[in-house]
Amino acid sequence: MFDDMADPLDLLATRFADAFRAVAGGDVDPVVRPSEHADAQVNGALAIAKAMGRPPRDVANDVLERLGNVSDMCESVDVAGPGFMNVVFSADFIAEQLRTALSDNLLGVRRVGTAQNVIVDYSAPNVAKEMHVGHLRSTVIGDALVRMLEFVGNRVIRENHIGDWGTPFGMLIEHLIDLGEDRAAAEFSVGDLDGFYKEARKKFESDESFKERSRLRVVALQAGDDDTLRMWRTLVAESTKYFNRVYRQLDVLLEDADLMGESAYNELLPTVVERLRASGLLQSSDGADVMFVDGFTNRENEPLPLIIRKGDGGYNYATTDLACVIDRVGRLSADRMWYVVGAPQAQHLQMVEAAARTAGWLPGEVEMRHVAFGNVLGSDKKMLKSRSGDSVKLSSLLDEAVERAAAAVREKNPDLDSDSQNSIARMVGIGAVKYADLSTDRVKDYVFDWDRMLSFDGNTAPYLQYAHARICSIFRRAGVDRAAVGQSDLAIVAPQERALALAILQFDAAVWDALDKASPHRLCTYLYDLATAFTSFYENCPVLKSSEPTRTSRLALCDATARVLSTGLGLLGIEAPEAM
RNA sequence: GCCCUCGUAGCUCAGGGGAUAGAGCGUCGGCCUCCGGAGCCGGAUGCGCAGGUUCGAAUCCUGCCGAGGGCACCA
């Protein structure tokens with residue numbers, strides 16, 4: 001009867017498209033939008049009336065005449081105001097759409113037509129350095145995008161481009177030697193990476209002989225000296241062990257198999273240079289091998305080069321990033337490459353993309369997209385720092401989140417046993433931090449505020465989790481089989497039932513909107529709206545106290561809401577406890 | 001100097017061509033013996049400024065103002 005899309009607005013647009021074509025004599029966007037005056041409004045008549053030299057209301061009426069019978073879908077379609085068409089869906093249509101959506105575990109969300117290979121580059125901490133709030137955004141946003149991309153049927157390749165190579169490793173390895181490998185490993189195991197790095201840095205800056213040893217060590221590392229490589233691997237292994245602990249704490253999907261550090265591209269770097277040189281794209285400038293990319297200039301308004309090979313013969317990150325492109329397009333057959341990287345990298349990534357396209361390594365049909373994000377700010381509106389002025393350790397931030405959540409959960413539900421309290425506190429605390437990060441437009445900075453993110457009111461994870469838990473509680477009292485209820489017939493009668501049902505059906509549109517814009521906050525806003533619609537329903541439509549068949553129908557709406565909440569939060573990497 | 005991003009209520013944020021610009025917090029005034037208050041109803045305060053495009057602009061374009069960032073050998 002209807003195709004597999006759940007979004008009633010989309011279905012409506014499909015229905016109106018023919019009528020508009022007939023009236024306008026060509027393709028016209030029907031401009032279907034949600035409406036405060038009806039279930040939906042169709043605004044296309046206003047847009048074409050001018051060109052047709054006719055009053056918009058007349059055009060709208062013509063469209064309605066050509067629309068044919070839509071009684072299977074709509075209860076009414078009226079022309080209103082200057083030429084809007086207000087649509088009220090029929091209750092049967094809503095119920096049927098809902099039943100279809102709920103019969104599938106994608107809950108009505110459309111799958112991709114053809115699966116694509118999507119590479120998501122995110123997190124990227126540095127070896128022997130602490131993960132701090134700066135890594136939070138990339139990791140959390142990337143994780144949510146990965147989950148959404150997979151959900152709709154793509155093949156997703158996670159790439160954790162860790163900083164595991166470069167000149168700092170000379171000093172880090174020498175410090176490792178000074179400290180003794182066992183002691184260094186012990187420091188890493190308690191998560192004191194910053195201490196290690198800072199000590200190395202301090203010696204490097206104050207001790208000339210250490211500095212010289214470090215310099216020689218870099219040379220040895222690059223030359224592939226066995227002993228040096230072994231120590232380097234120790235640093236990388238201990239660091240990734242630590243990263244994994246933070247990833248488990250954060251509850252993100254990244255694992256060892258996703259590691260694709262800078263060092264992985266070492267052998268490709270000379271190839272990048274050779275291929276660029278062979279194509280005549282490489283130029284010598286101030287002793288460096290560079291590539292000039294159209295449209296980029298420096299302070300003096302001179303062409304800005306992309307440095308492929310430094311004056312000292314070393315490579316830098318532009319070269320590695322180009323090697324990445326070659327690898328991802330060639331070896332991994334990427335259709336899309338998403339870089340979840342801070343906004344300041346915008347120009348760099350634009351230059352890399354332009355260079356890769358010029359060199360012919362990045363075909364036009366392959367997407368390279370910078371998923372940029374802003375900073376995490378403190379209440380002073382400056383970059384979030386700890387009391388001591390350092391960047392905030394991610395792991396201690398997460399510990400604090402769980403502690404604060406535990407206090408909130410104890411207050412909310414003192415009867416829970418301590419095991420449940422602990423596991424719920426984890427879901428709530430981590431969820432709150434992630435949701436705070438995901439729920440605002442990623443390109444903007446956001447203000448980190450414990451009280452707000454852990455509040456049970458407003459657009460927060462605890463609010464959504466609590467809504468979910470409350471629904472689960474209804475089922476515990478109802479004494480019915482939730483799975484069976486989900487298959488029941490629905491009666492959409494009360495306005496709050498209608499609003500809730502329509503909100504559930506918007507899940508499809510919300511997921512796709514979030515994906516199209518690579519903006520998880522779109523999904524957050526939707527989930528919050530859904531929870532609000534449920535609250536209104538719950539206030540006005542007694543569930544357990546109703547008689548049949550209303551009771552079962554309302555239980556089915558409860559079940560549907562809970563499933564969308566839990567699935568939606570899951571797409572954000574946030575768990576939804578059944579009680580809290 | 002050039003380029004990029006951002007300026008929406010007292011605060012934190014949605015809304016990114018369609019009807020009267022929303023939410024949470026805060027604030028002021030009412031209400032509720034309700035499945036676990038995710039309580040309910042109402043008031044007050046707002047699209048940085050100025051032009052332009054459009055039937056219609058918070059939304060698109062231009063300029064200005066303000067904040068942040070980037071602009072060759074750190075990644």
Side-chain angles (χ1 to χ4, degrees), chain A residues 31 33 35-37 41 43-44 46-47 49-51 55-56 80-84 86 124 126 161 163 165-168 262 285-290 295-318 320-321 342-348 350-351 372 374-375 377 379 381-383 412-413 415 436 439-441 443-447 449 451-453 455-460 462-471 473-474 476-478 517 521-522 524-525 528-529 531-532 534-536 538-546 558 579-580:
Chain A
V31 194
R33 297 284 183 270
S35 178
E36 294 167 26
H37 308 276
Q41 58 183 21
N43 305 335
L46 288 144
K50 173 92 169 179
F84 301 105
N86 287 341
N126 291 312
H161 196 70
W165 201 254
T167 47
E262 290 164 17
S285 175
D286 291 347
D289 291 328
V290 307
F296 297 91
T297 54
N298 67 10
R299 255 179 259 276
E300 282 71 47
N301 223 13
E302 297 156 346
L304 181 67
L306 193 62
I307 295 180
I308 303 301
R309 198 168 190 198
K310 299 188 286 185
D312 66 3
Y315 303 99
N316 70 359
Y317 75 144
T320 309
D321 284 344
Q345 300 291 326
Q347 181 178 268
H348 167 72
Q350 279 169 25
M351 290 180 78
N375 297 313
L377 307 179
S379 53
K381 295 279 201 147
K382 292 182 183 161
M383 296 269 283
K412 200 91 187 167
N413 194 347
D415 300 333
S439 60
T440 62
D441 189 354
V443 305
K444 299 182 187 173
D445 298 343
Y446 78 92
V447 176
D449 180 335
D451 291 336
R452 191 153 31 81
M453 73 177 74
S455 167
F456 283 70
D457 291 303
N459 189 9
T460 68
Y463 175 82
L464 297 176
Q465 289 170 319
Y466 191 51
H468 177 263
R470 287 285 299 275
I471 298 173
S473 153
I474 295 170
R476 279 192 294 273
R477 284 163 183 273
K517 299 186 165 67
H521 90 276
R522 295 267 178 174
C524 295
T525 303
Y528 180 59
D529 288 344
T532 304
F534 184 82
T535 303
S536 175
Y538 191 64
E539 289 286 332
N540 293 284
C541 304
V543 178
L544 298 177
K545 293 174 185 168
S546 301
C558 290
M580 61 188 281

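Computed over heavy atoms, backbone and side chain alike; hydrogens, waters and symmetry mates excluded. If you're wondering where the values come from, they're calculated on a predicted model, not measured in any experiment. Proteins get letters first, then strands, A, B, ... in listed order; numbering begins at 1 in each.
On the C1' atoms, B:G51 is 13 Å away from B:A57, given to the nearest whole Å. Straight-line distance between the C1' atoms of B:G10 and B:G26: roughly 8 Å, to the nearest whole Å. Separating the P atom of B:G7 from that of B:A14 is a span of 8 Å, rounded to the nearest Å. Rounded to whole Å, the separation between the C1' atoms of B:U53 and B:G17 comes to 12 Å. Across the P atoms, B:C6 and B:G43 are found 34 Å apart, a figure rounded to whole Å. Here, B:G42 and B:C25 have their P atoms 15 Å apart, quoted to the whole Å. The same atom, C1', is picked in B:C47 and in B:G66; the two are 16 Å apart, to the nearest Å. Taking the P atom of each, B:A58 and B:C65 are spaced 23 Å apart, rounded to whole Å.
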- request: Map every base of RNA chain B to its dot-bracket character, where paired means a Watson-Crick or G-U wobble contact with both distances under 3.5 Å and | marks a partner outside the strand.
  value: (((((((..((((....[...)))).(((((.......)))))....(((((..]....))))))))))))....

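For A:Thr440, taking side-chain heavy atoms from C-beta onward, the closest of the listed nucleotides B:A38, B:U12, B:A14 is B:A14. Among the nucleotides B:G18, B:A38, B:G22, the one closest to the side chain of A:Tyr466 is B:A38. Distances were taken from every side-chain heavy atom of A:Val447 (C-beta onward) to each of B:C13, B:A14, B:A38; the shortest belongs to B:C13.
Residue A:His37 places no side-chain N or O under 4.0 Å from the OP1 or OP2 atom of B:G18. One finds a side-chain N or O of A:Arg33 lying less than 4.0 angstrom from the OP1 or OP2 phosphate oxygen of B:G18. Remark: A:Lys381 is in phosphate contact with B:U12, judged by side-chain N or O atoms under 4.0 Å from OP1 or OP2. Side-chain N/O atoms of A:Lys444 include one lying less than 4.0 angstrom from OP1 or OP2 on B:G7.
A donor-acceptor pair is defined here as one N or O able to donate and one able to accept, closer than 3.5 Å; no such pair exists between the side chain of A:Asp441 and the backbone of A:Lys444. A donor-acceptor pair is defined here as one N or O able to donate and one able to accept, closer than 3.5 Å; no such pair exists between the side chain of A:Asn375 and the backbone of A:Leu377. A:Asn413 places a side-chain N or O within 3.5 Å of a backbone atom of A:Met580 that can act as its donor or acceptor partner. In terms of modelled atom types and a separation under 3.5 Å, the side chain of A:Ser473 and the main chain of A:Ala469 share no donor-acceptor contact.
Residue A:Arg522 is classed as a sugar-phosphate contact, given heavy-atom separations below 4.0 Å to backbone atoms only. Residue contacts for A:Cys558: at a heavy-atom cut-off of 4.0 Å it reaches no nucleic acid atom on any strand shown. Within the 4.0 angstrom heavy-atom criterion, base atoms lie near A:Gln41. The residue A:Asn413 sits close to a base: some heavy atom pair falls under 4.0 Å. Here A:Ala346 lies out of heavy-atom contact (under 4.0 Å) with every strand. At the heavy-atom level, A:Ala469 lies under 4.0 Å from base atoms of the strands shown. Within 4.0 Å of A:Ser473, counting heavy atoms only, lies at least one base atom of the nucleic acid. Counting any heavy atom pair closer than 4.0 Å across all strands shown, A:Val543 reaches a base atom. A:Ala49 comes within contact range of no nucleotide atom at all, as no heavy-atom separation falls under 4.0 Å. Within 4.0 Å of A:Asn86, counting heavy atoms only, lies at least one base atom of the nucleic acid. A:Met453 comes within 4.0 angstrom of nothing in the nucleic acid, heavy atoms only.
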When you compare the protein's N or O atoms with those of nucleotides 52-58 of chain B, which come within less than 3.5 Å of each other, and at what distance?
{"residue": "B:C55", "atom": "OP1", "partner": "A:Lys50", "partner atom": "NZ", "Å": "3.1"}

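As rounded to whole Å, 13 Å separates atom P of B:G26 from atom CZ of A:Arg452. The interatomic distance linking A:Gln465 (CD) with B:A38 (P) rounds to 14 Å, in whole Å. Rounded to whole Å, atom P of B:C35 lies 14 Å from atom CZ of A:Phe534. Rounded to a whole Å, the CG atom of A:Leu544 is 13 Å from the C1' atom of B:C34. Regarding A:His521, its NE2 atom lies at a distance of 13 Å from the C1' atom of B:A23, rounded to whole Å. Here the P atom of nucleotide B:U5 and the NZ atom of A:Lys517 are 17 Å apart, to the nearest Å. Atom CZ of A:Phe296 and atom P of B:C2 are 18 Å apart (whole Å). Distance CG (A:Asn43) to C1' (B:G17): 10 Å, rounded to an integer number of Å.
To the nearest 0.5 Å, the span separating CE on A:Met453 from OH on A:Tyr446 amounts to 6.0 Å. For the atom pair OG of A:Ser379 and CG of A:Asp451, the computed distance is 10.5 Å after rounding to the nearest 0.5 Å. Between atom CZ of residue A:Arg470 and atom CD1 of residue A:Ile474 there is a gap of 7.0 Å, rounded to the nearest 0.5 Å. A:Thr460 contributes atom OG1, which lies 8.0 Å from atom OH of A:Tyr528 (distance to the nearest 0.5 angstrom). Here the OH-SG distance, from A:Tyr538 to A:Cys558, works out to 8.0 Å after rounding to the nearest 0.5 Å.
In terms of heavy atoms, A:Gly163 sits closest to A:Asn126 at CA-OD1, 3.4 Å. Minimum interatomic distance between A:Ala343 and A:Ala372 (heavy atoms only, all atoms of both residues): CA-CB, 3.9 Å.
Both geometric conditions, a ring-centre gap below 5.5 Å and a plane tilt below 30°, are not fulfilled together for A:Tyr463 over the base of B:A38. By the stacking rule of 5.5 Å between ring centres and under 30° between planes, A:Tyr446 does not stack on the base of B:C13.
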task: Encode nucleotides 68-74 of chain B as B, S and - characters from 5' to 3', where the letter depends on protein heavy atoms closer than 4.0 Å: B to the base, S only to sugar-phosphate, - to neither.
output: -SSBBB-

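Residue A:Val443 is the one, among A:Phe456 and A:Val443, whose nearest nucleotide of RNA chain B lies closer to the 5' end (criterion: closest heavy atom). Mapped onto RNA chain B by nearest heavy atom, A:Lys412 and A:Glu262 fall at different nucleotides, with A:Lys412 at the one closer to the 5' end.
Ring geometry for A:Tyr466 against A:Phe456 counts as perpendicular: the plane angle is over 60°, on a 0 to 90° scale with 30° as the lower cut.
Of the residues listed (A:Asn316, A:Asp289, A:Val290), the one engaging A:Arg309 in a side-chain contact (heavy atoms from CB on, under 4.5 Å) is A:Asp289, and it is the only one.
With hydrogens and angles ignored, no donor-acceptor pair under 3.5 angstrom links the side chain of A:Glu539 to the base of B:A38.
Inter-residue side-chain proximity for A:His468 and A:Leu464 is flagged as unmet; no heavy-atom pair is nearer than 4.5 Å.
Between A:His37 and A:Phe84, a ring centre-to-centre spacing not shorter than 6.0 Å is recorded.
Other residues, nucleotides and ligands contribute at most 12 non-hydrogen atoms within 6.0 Å of the CD atom of A:Glu36.
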